Amino acid sequence: MALTGHRVLQGRPQDDLAHLDAPATACGGQEEWDPFRMRLPLIAAGAGGDEAVAPARAHPEGNTSYAAQPIAALLAGSGRTEEAVTVLEQRARLGGQP
């Protein structure tokens, strides 16, 4: 992970995304949430937080409790604090159920 963080700090998130694309391509383009969420900070670093929020929400697990915190973090990082709070509150009302 340190290498990934280092590349992002150097402005090279595209390299990391390319590295993560290989397994996704092998799976027919659909990843489970855990590997997919690793992409979100890289997308945000390369294209902006708003560009990362859309695919996160569109992911099949994007409306689960597993996705709430990463999506809220992207929203907050993009200055969309109220939306971030709403995402977390909605998940809390559901009791954290996936």
Side-chain angles (χ1 to χ4, degrees):
M1 255 329 152
L3 181 59
T4 299
H6 182 69
R7 285 186 180 161
V8 170
L9 291 176
Q10 289 187 356
R12 296 175 36 192
Q14 299 85 356
D15 294 343
D16 293 320
L17 283 170
H19 178 73
L20 292 172
D21 280 343
T25 301
C27 295
Q30 187 61 23
E31 290 178 293
E32 291 185 20
W33 178 256
D34 283 335
F36 177 78
R37 74 178 169 81
M38 292 187 327
R39 299 173 169 281
L40 300 177
L42 300 171
I43 295 169
D50 289 337
E51 293 296 320
V53 170
R57 284 184 164 164
H59 189 277
E61 295 182 54
N63 65 346
T64 66
S65 61
Y66 306 115
Q69 194 280 327
I71 291 173
L74 290 168
L75 289 165
S78 296
R80 296 163 60 184
T81 309
E82 289 181 26
E83 278 185 77
V85 169
T86 299
V87 167
L88 295 173
E89 286 175 341
Q90 287 172 344
R91 295 315 310 166
R93 269 186 248 132
L94 295 173
Q97 297 298 314

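Fair warning: this is a prediction, and the values are worked out from it, not measured in the lab.
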_Can you give me the closest heavy-atom contact between R91 and T64, atom names plus distance?_
NE-C, 3.6 Å
*Sequence neighbours left out, what pairs pass ring-ring contact (aromatic ring centres under 6.0 Å, His included) with at least one residue falling in residues 31-52?*
W33-F36, W33-H59, F36-H59
*Which atom of A76 lies closest to which atom of A84, heavy atoms considered*: N-CB, 3.9 Å
_Set of side-chain hydrogen bond (donor to acceptor under 3.5 Å, both in side chains) partners for R37, sequence neighbours left out_ = D34
*Hphob cluster co-occupancy, Y66 + L40, side-chain heavy atoms under 4.5 angstrom*: yes
*asked:* As an exercise, state the distance from CZ of R39 to CG of L42, rounded to the nearest 0.5 Å.
replied: 8.5 Å
_Looking at every non-hydrogen atom in both residues, tell me the closest pair between S78 and G49 and how far apart they are._
OG-CA, 3.1 Å
*asked:* How close do A52 and A44 get, counting heavy atoms only, and between which atoms?
replied: CB-N, 3.9 Å
*State, to 0.1 Å, how close L75 and R57 come at their nearest heavy-atom pair, and which atoms those are.*
CD1-NH2, 3.5 Å
_D50 side, atom CG; L74 side, atom CG - distance, nearest 0.5 Å_ = 9.5 Å
